[in-house]
Peer 1: 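Can you read through this structure? Questions will come right after.
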Amino acid sequence: MPLAPWAAHEEHSRGRCHPQPPHPYRGEFQRDRDRIIHSTAFRRLVYKTQVFINHEEGDLYRTRLTHSLEVAQVVRTAARALALNEQLAEAIALAHDLGHTPFGHAGQDALNACMQPWGGFEHNLQSLRVVDELERKYAAFPGLNLCWETREGILKHCSRRDALQLGSLGRRFLERRQPGLEAQLVNLCDEIAYNHHDIDDGLRSGLIAERELAEVGLFGEHYDAVCAIFPGLSGRVRIHETVRRMIDTVVGDLVVTTRERVAGSAPDSIDAVREAGRPLAAFSPAMAARHQELKRFLRERLYYHPQVRERTERAQCMLTAVFERFMEAPDLMPAEHAARAIGATGEAADVSRARAVADYVAGMTDRYALSTYRRLVDPRAEL
Ligand code: MG
């Protein structure tokens, strides 16, 4: 199927920071996806927590890697149905969480608190730093040298202060414009993926109960239907059948609503999508409300569950201690990180030391962060 006129077309790409000749048989967004998959940060996602601490709580829970793959799979379906650029959407989805710290959102909050005097820490901005600067794969330049549109999609939110430092990529946050539709879709498919897999993981963990979830609109209606059609189903299959139907309904709603909004605003190009004044990718108001209800339920019952919070708090203390130890003694870090931390002089020295430490700590996997804490602080520590 040919791409819609408002999709991201490679031939109109704003290009790469460091110009490179075209590849004989791979497209530009395909190359971006390949670079992301081959990156070190991508491989580390397998050992980073989504909600449950990866290696401690069981092998079946989602990690940042499986989450990123699920987002990519969902967004490819939606992008293809809407005649958008599937390869760009996939590349953005695979990269969207590269900047996450160990220990999930707990880690991000701890590192952000540590970095307050030096500009803070934000995982989304860190994903962009990973692909723009931190990956070292090319002799001629730092980073992965991705296309402008891929980078636009990775940076989904940004403070005014950070936007001012980011040149053409930051401008849309100052001028309140939208990104392209592929990026908008990834954002919503990220929500679809985590809402649904957190239900599955939450039930598996026993922290939330099936009968509680059956009270939540979106889950409840599919759950009742599944129980009526297949009265004798066993627990796990009943949940899988329900979640599968939910995802299909939500993605269907996203595709139909987005199609209507695109038809209503009739953009003639990706730039017209950016200028549209509101996102064109969206759920219907009814679906958005039910999705919100589900999110609220998960936040209260799962993310803030005492058992999850207890680990979260221990993880935050560990990460904070590791950060502080490296700030005092940067030479305890591997040579290339230590060199960045110690190298700068003058007024900016503190800022670049803190940023080098934050980059190093953010790149750690859950178990590497734990073993670092044991090495530096307490050899007998447990999460
Ligand atoms: Mg995500």
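Nothing fancy with the numbering, it's 1 onward along the sequence.
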Peer 1: Could you check whether any side-chain heavy atom of Leu84 comes within less than 4.5 Å of a side-chain heavy atom of Trp6, counting everything from C-beta outward?
Peer 2: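 Counting from C-beta outward, Leu84 and Trp6 do come under 4.5 Å.
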
Peer 1: Under a 4.5 Å side-chain heavy-atom rule over Ile, Leu, Val, Met, Phe, Trp and Tyr, are Leu3 and Leu185 clustered together?
Peer 2: no

Peer 1: Under 4.5 Å between any side-chain heavy atoms of Leu94 and Leu69, yes or no?
Peer 2: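 Leu94 reaches Leu69 side chain to side chain.
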
Peer 1: Evaluate the side-chain proximity of Cys114 to Thr320: yes if any heavy-atom separation is below 4.5 Å, no if none is.
Peer 2: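 SC-SC contact between Thr320 and Cys114 confirmed.
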
Peer 1: Please confirm whether the backbone N or O of Thr40 pairs with a side-chain atom of Glu135, one donor and one acceptor, at under 3.5 Å?
Peer 2: yes

Peer 1: Are Phe326 and Val377 connected in a single hydrophobic cluster, I mean Ile/Leu/Val/Met/Phe/Trp/Tyr linked by side-chain heavy atoms less than 4.5 Å apart?
Peer 2: yes

Peer 1: Is there a donor-acceptor pair under 3.5 Å between the side chain of His305 and the backbone N or O of Gln307?
Peer 2: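 Flag set: sc His305 to bb Gln307 pair under 3.5 Å.
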
Peer 1: Suppose the criterion is salt bridge (charged side-chain N to carboxylate O under 4.0 Å, His left out): which pairs have a residue in residues 73-83, not counting sequence neighbours?
Peer 2: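 Listed by first then second residue: Arg76-Glu86, Arg76-Glu90, Arg80-Glu86.
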
Peer 1: Does any donor atom in the side chain of Asn187 or His96 lie under 3.5 Å from an acceptor atom in the other side chain?
Peer 2: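 No, because no side-chain N or O of Asn187 sits under 3.5 Å from a partner of the opposite role on His96.
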
Peer 1: Tell me, with the steps shown, if Ile270 and His9 meet side chain to side chain contact (heavy atoms under 4.5 Å, CB included).
Peer 2: CA-CA 8 Å; Ile270 189 172; His9 290 253; over 6 Å; no

Peer 1: If you round to the nearest 0.5 Å, how far is OG1 of Thr242 from CZ of Phe219?
Peer 2: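 Atom-to-atom, Phe219:CZ and Thr242:OG1 are 5.0 Å apart.
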
Peer 1: Is any NZ, NE, NH1 or NH2 atom of the basic residue among Asp32 and Arg16 found under 4.0 Å from an Asp or Glu carboxylate oxygen of the other?
Peer 2: yes

Peer 1: Taking the side chain as C-beta and beyond, is there a heavy-atom pair between Thr249 and Met287 under 4.5 Å?
Peer 2: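 The answer is yes; the side chains approach within 4.5 Å.
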
Peer 1: If we ignore hydrogens and angles and just use 3.5 Å, is the side chain of Arg31 paired with the main-chain N or O of Cys147 as donor and acceptor?
Peer 2: no

Peer 1: Other than Ile229, which residues form its hydrophobic cluster under the rule that side-chain heavy atoms must be closer than 4.5 Å?
Peer 2: Val226, Phe230, Leu233, Val237

Peer 1: Search all heavy atoms of Met364 against all heavy atoms of Val322 and return the closest pair with its distance.
Peer 2: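 Nearest heavy atoms, Met364 then Val322: CE-CG1, 4.3 Å.
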
Peer 1: Report the distance from atom OG of Ser234 to atom CD of Glu241, rounding to the nearest 0.5 Å.
Peer 2: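 Reported value, rounded in 0.5 Å steps: 11.5 Å.
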
Peer 1: So how far is it from Arg14 CZ to Ser168 OG, rounded to the nearest 0.5 Å?
Peer 2: 7.0 Å

Peer 1: So, Arg296 and Glu293, do they make that salt bridge, N to O below 4.0 Å?
Peer 2: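 The answer is no: the pair does not qualify as a salt bridge.
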
Peer 1: Run the salt-bridge test on Glu336 and Arg340 with the 4.0 Å N-O cut-off and return the result as yes or no.
Peer 2: no

Peer 1: Check whether Glu175 reaches the backbone of Arg177 with its side chain - one donor and one acceptor, N or O, closer than 3.5 Å.
Peer 2: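 Pair absent, no side-chain N/O of Glu175 close to backbone of Arg177.
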
Peer 1: Which is it for Gln73 and Glu70 under the side chain to side chain contact (heavy atoms under 4.5 Å, CB included) test, yes or no, and what are the steps along the way?
Peer 2: CA-CA 5 Å; Gln73 184 270 327; Glu70 289 183 32; 5.6 Å; no

Peer 1: Do Arg274 and Arg172 have side-chain heavy atoms sitting under 4.5 Å apart?
Peer 2: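 Answer no - side chains too far apart.
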
Peer 1: Which value, rounded to the nearest 0.5 Å, describes the distance between Asp366 atom CG and Phe103 atom CZ?
Peer 2: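 One finds 5.5 Å between CG of Asp366 and CZ of Phe103.
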
Peer 1: Nearest heavy-atom pair of Asn112 and Phe121: which atoms, and what distance?
Peer 2: OD1-N, 2.9 Å

Peer 1: With no hydrogens and no angle check, do the side chains of Asp359 and His337 hold a donor and an acceptor under 3.5 Å apart?
Peer 2: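 The answer is no; no qualifying pair exists.
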
Peer 1: Does a donor on one side chain and an acceptor on the other come within less than 3.5 Å for Asp97 and Ser68?
Peer 2: no

Peer 1: For the side chain of Arg374 and the backbone of Ala381, is there at least one donor-acceptor N/O pair under 3.5 Å apart?
Peer 2: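 Flag set: sc Arg374 to bb Ala381 pair under 3.5 Å.
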
Peer 1: Could Arg238 and Glu210 be called an ion pair, given the rule that one side-chain N must be under 4.0 Å from one carboxylate O?
Peer 2: yes

Peer 1: Would you call the rings of His23 and Tyr25 parallel, tilted or perpendicular, where under 30° means parallel and over 60° means perpendicular?
Peer 2: perpendicular

Peer 1: Determine, stepwise, if the pair Leu383 / Met318 fulfils side chain to side chain contact (heavy atoms under 4.5 Å, CB included).
Peer 2: CA-CA 9 Å; Leu383 256 176; Met318 280 187 190; 4.2 Å; yes

Peer 1: Please test Leu82 against Leu181 for side chain to side chain contact (heavy atoms under 4.5 Å, CB included), starting from the C-alpha separation and ending with a verdict.
Peer 2: CA-CA 10 Å; Leu82 290 162; Leu181 265 165; over 6 Å; no

Peer 1: Mind checking ring-ring contact (aromatic ring centres under 6.0 Å, His included) for His105 and listing every partner two or more places apart, or none if nothing turns up?
Peer 2: His100, His123

Peer 1: Tell me if a side-chain donor or acceptor on Asn145 pairs with a main-chain N or O of Cys17 at a distance below 3.5 Å.
Peer 2: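 Yes: the side chain of Asn145 pairs with the backbone of Cys17.
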
Peer 1: Any idea which heavy atoms bring Ile192 and Val251 closest together, and the distance?
Peer 2: CD1-CG2, 4.0 Å

Peer 1: Same cluster for Tyr368 and Val357 if Ile/Leu/Val/Met/Phe/Trp/Tyr side chains link at under 4.5 Å?
Peer 2: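 As far as the 4.5 Å side-chain criterion goes, Val357 and Tyr368 are connected within one cluster.
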
Peer 1: Could you tell me whether a side-chain N or O of Asn124 sits under 3.5 Å from a main-chain N or O of Ile154, the two making a donor and an acceptor?
Peer 2: yes

Peer 1: Would a 4.5 Å heavy-atom cut-off, applied to side chains only, mark Cys158 and Leu166 as touching?
Peer 2: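 Side chain of Cys158 against side chain of Leu166, heavy atoms only: contact under 4.5 Å found.
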
Peer 1: Honestly curious: do Val130 and Val46 fall in one hydrophobic cluster under the side-chain, below-4.5 Å linking rule?
Peer 2: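 Shared cluster, yes.
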
Peer 1: What pair of heavy atoms forms the shortest contact from Ala209 to Leu203, and how long is it?
Peer 2: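 It is C-CD2, 3.8 Å.
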
Peer 1: Please confirm whether His196 and Tyr194 have ring centers closer than 6.0 angstrom.
Peer 2: no

Peer 1: Is there a donor-acceptor contact under 3.5 Å linking the side chains of Tyr138 and Arg35?
Peer 2: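 Side-chain D/A pair, Tyr138 to Arg35: present.
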
Peer 1: Flag yes if Ile342 and Phe323 sit in one hydrophobic cluster, no otherwise; membership is Ile, Leu, Val, Met, Phe, Trp, Tyr, and two members link when side-chain heavy atoms are under 4.5 Å apart.
Peer 2: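 No, because Ile342 and Phe323 fall into different hydrophobic clusters, even though each may have its own neighbours under 4.5 Å.
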
Peer 1: Does a side-chain heavy-atom distance below 4.5 Å link Leu65 with Tyr47?
Peer 2: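 They are not in contact (no side-chain heavy atoms under 4.5 Å apart), so the answer is no.
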
Peer 1: Of all heavy-atom pairs between Ser13 and Gly15, which one has the smallest distance, and what is that distance?
Peer 2: OG-N, 2.9 Å

Peer 1: Tell me the closest heavy-atom pair linking Arg64 and Thr49, and the distance in Å.
Peer 2: NE-O, 3.3 Å

Peer 1: Could you tell me if Arg309 sits above the aromatic ring of Tyr304, with its cationic atom closer than 6.0 Å to the ring centre and no more than 45 degrees from the axis?
Peer 2: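 Yes - Arg309 lies over the ring of Tyr304, closer than 6.0 Å to its centre and within 45° of its axis.
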
Peer 1: With a 4.0 Å cut-off on N to O distance, would you call Glu328 and Arg353 a salt bridge?
Peer 2: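 Salt bridge: no.
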
Peer 1: Check whether any side-chain heavy atom of Ile199 lies under 4.5 Å from a side-chain heavy atom of Phe297, and answer yes or no.
Peer 2: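 They are not in contact (no side-chain heavy atoms under 4.5 Å apart), so the answer is no.
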
Peer 1: Could you tell me whether a side-chain N or O of Gln87 sits under 3.5 Å from a main-chain N or O of Phe29, the two making a donor and an acceptor?
Peer 2: no

Peer 1: Which value, rounded to the nearest 0.5 Å, describes the distance between Asp271 atom CG and His12 atom NE2?
Peer 2: 10.0 Å

Peer 1: With a 4.0 Å cut-off on N to O distance, would you call Arg236 and Asp200 a salt bridge?
Peer 2: yes

Peer 1: Please check: side-chain N/O of Thr258 versus main-chain N/O of Ala281, any donor-acceptor pairing under 3.5 Å?
Peer 2: no

Peer 1: When you measure from the side chain of Glu182 to the backbone N and O of Leu88, does any donor-acceptor pair fall under 3.5 Å?
Peer 2: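 Not at all, since once roles are kept as given, no pair shorter than 3.5 Å links the two residues.
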
Peer 1: Rounded to the nearest 0.5 Å, what separates atom CG in Asn195 from atom CG in Leu218?
Peer 2: 8.5 Å

